Amino acid sequence: MSAKPKTGKVPSSAHQILNDSRFLVIKVGSVLIRGRELDEVNNHWMETLAEDISALMKNGVKVVVVSSGGVALGRKALGIPADIAPGAIRLEQKQAASAVGQYHMFNGYFKAFSKVGITAAQVLLTMSETENRRMNLNARETLYTLLEKGIVPVINENDTVSTGEIRFGDNDRLSVRVAQMIQADTVLLLSTTNGLYTANPDLDPAAKHIPVIEKIEDEHVQMAGSAIPGLSTGGMKSKIEAAQSATRAGISLIIANGRENHILKALLKEPDRLSSLFMAQKSGASARLIWLQSHMRPKGIVTIDDGALKALKNGKSLLPVGVKKIEGHFQRGDAIEIRTLAGKKIGMGISAYDVADATLIIGKNSSEITKIHGYAGRDELIHRNDMILEEI
Ligand code: GLU
């Protein structure tokens, strides 16, 4: 179902990207969802979004919505004062608020999409569905099934049950994960910022808006760090991280100011005024390796020596002989992080052994493995085909 751009050229503006996109994930920030009152949905804005989405769908584009707002719309019922920032709300309060607000939010989408003859489906995901390969495939099939029927999935994190350690915490990241899972070509993050500026535009009158970022460099990350976080959970820093993860996986990401009604139409008309585009990097990686790369909580860590590092750079597998240390609790087939002796993460891999058997063979030659384990296993701890390296 993944789709190629209609033109053979590399698209280079948000207009072109949006025009060429065949499979789009649109993330909507909390501030856009809320109406004038704390527990009110901005129905009119939502209706204009649904109309724009319907127009895209008529042109054959598949659209998935990832929406925040569950917590925001439940704050009033929980008595959480308006001046407390999302990050300062206690976890159990957030979870309870989302149980109230998620209903209102989805109901808003359901009604807005119904008006244009589209069915909306509520999908609540937790990190485990996206990090566990089997669950990931299952969630993907569910989404494909909905999309094939012309139904728009409206996804949020299942905040009521996600516990602190296993939360995504912000939907910028969740939307990229969803895009990677379903192999979408573009992620559009709608919030209240026009994208990336050279400095904080509220503090520095000379700050310049950057409409197109061909490749994310350190300077861009720094610019994001100095920008105002806004009212959302993620802020600009999380948006840049989301952009890094998306573009590395071959997905373009657009950060846009979504305040206007009919925002998709407005964006097609004036992309440079309203948004920053982070261009997709070429990615030859398969869906499985992109899934592996985007893991937030690997089950273990393997620290390798310089010889192994060189071998990996040359496209070789990771052999037990080059491994210095193993940490974590992992089974065969789990995703583990690969680190250098200096502690730098250089990639991710799928372990051919569980932690106990892997620990027994570190530093040993592959020829000794069978004797140590008493069975003939793989020569490699991580096979080349089960590994994805960062740019090293
Ligand atoms: N899942 C949260 C909610 O629905 C939002 C997280 C975020 O703001 O990114 O309220």
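Values in this document were obtained by computation on a predicted structure and should not be read as measured data. Read the numbers this way: they start at 1 and go in the same order the structure lists the ligands and their atoms.
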Should you measure from each heavy atom of [X], which atoms of ligand 1 turn up under 4.0 Å away?
X   : answer
G70 : 3 (C), 4 (O), 10 (O)
S68 : 4 (O), 5 (C), 6 (C), 7 (C), 8 (O), 9 (O)
V71 : 3 (C), 4 (O), 10 (O)

With backbone taken as N, CA, C and O and side chain as the heavy atoms from C-beta onward, which portion of N171 lies under 4.0 Å from ligand 1: side chain, backbone, both, or neither?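 For N171, backbone and side-chain atoms both sit under 4.0 Å from ligand 1.
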
With sequence neighbours excluded, residues passing salt bridge (Lys or Arg N to Asp or Glu O under 4.0 Å) with R378: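 Expected list: E380, D386.
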
Do V64 and L24 come close enough that some side-chain heavy atom pair is under 4.5 Å?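 Side-chain contact under 4.5 Å: no.
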
Please report whether ligand 1 has a polar contact with E157, defined as an N or O pair separated by less than 3.5 Å (distance criterion only).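 N/O-N/O distance below 3.5 Å does not exist for this pair.
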
Any N or O of Q102 closer than 3.5 Å to N or O of ligand 1: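 No, since none of the N or O atoms of Q102 sits under 3.5 Å from an N or O of ligand 1.
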
Can you figure out which of L124, V28, D159 has its heavy atom closest to atom 3 (C) of ligand 1?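 It is D159 that holds the nearest heavy atom.
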
Within a reach of under 6.0 Å around CZ of R273, are more than 12 heavy atoms found that belong to other residues, nucleotides or ligands?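 Above 12, so yes.
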
Mark the output for S98 as yes if a heavy-atom distance to ligand 1 is under 4.0 Å, and as no if none is.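 No, that is not the case, since the closest heavy atom of the residue is not under 4.0 Å from the ligand.
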
Steps toward side chain to side chain contact (heavy atoms under 4.5 Å, CB included) verdict (I216, Q244): CA-CA 7 Å; I216 303 171; Q244 282 175 314; 3.7 Å; yes

Please answer: with hydrophobic residues joined when any side-chain heavy atoms are less than 4.5 Å apart, are V31 and I84 in the same cluster?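 No; tracing contacts between hydrophobic side chains, which count when under 4.5 Å, never links both residues.
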
Interatomic distance, M236 atom CE to D172 atom CG [nearest 0.5 angstrom]: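 Nearest 0.5 Å value for the CE-CG distance: 9.5 Å.
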
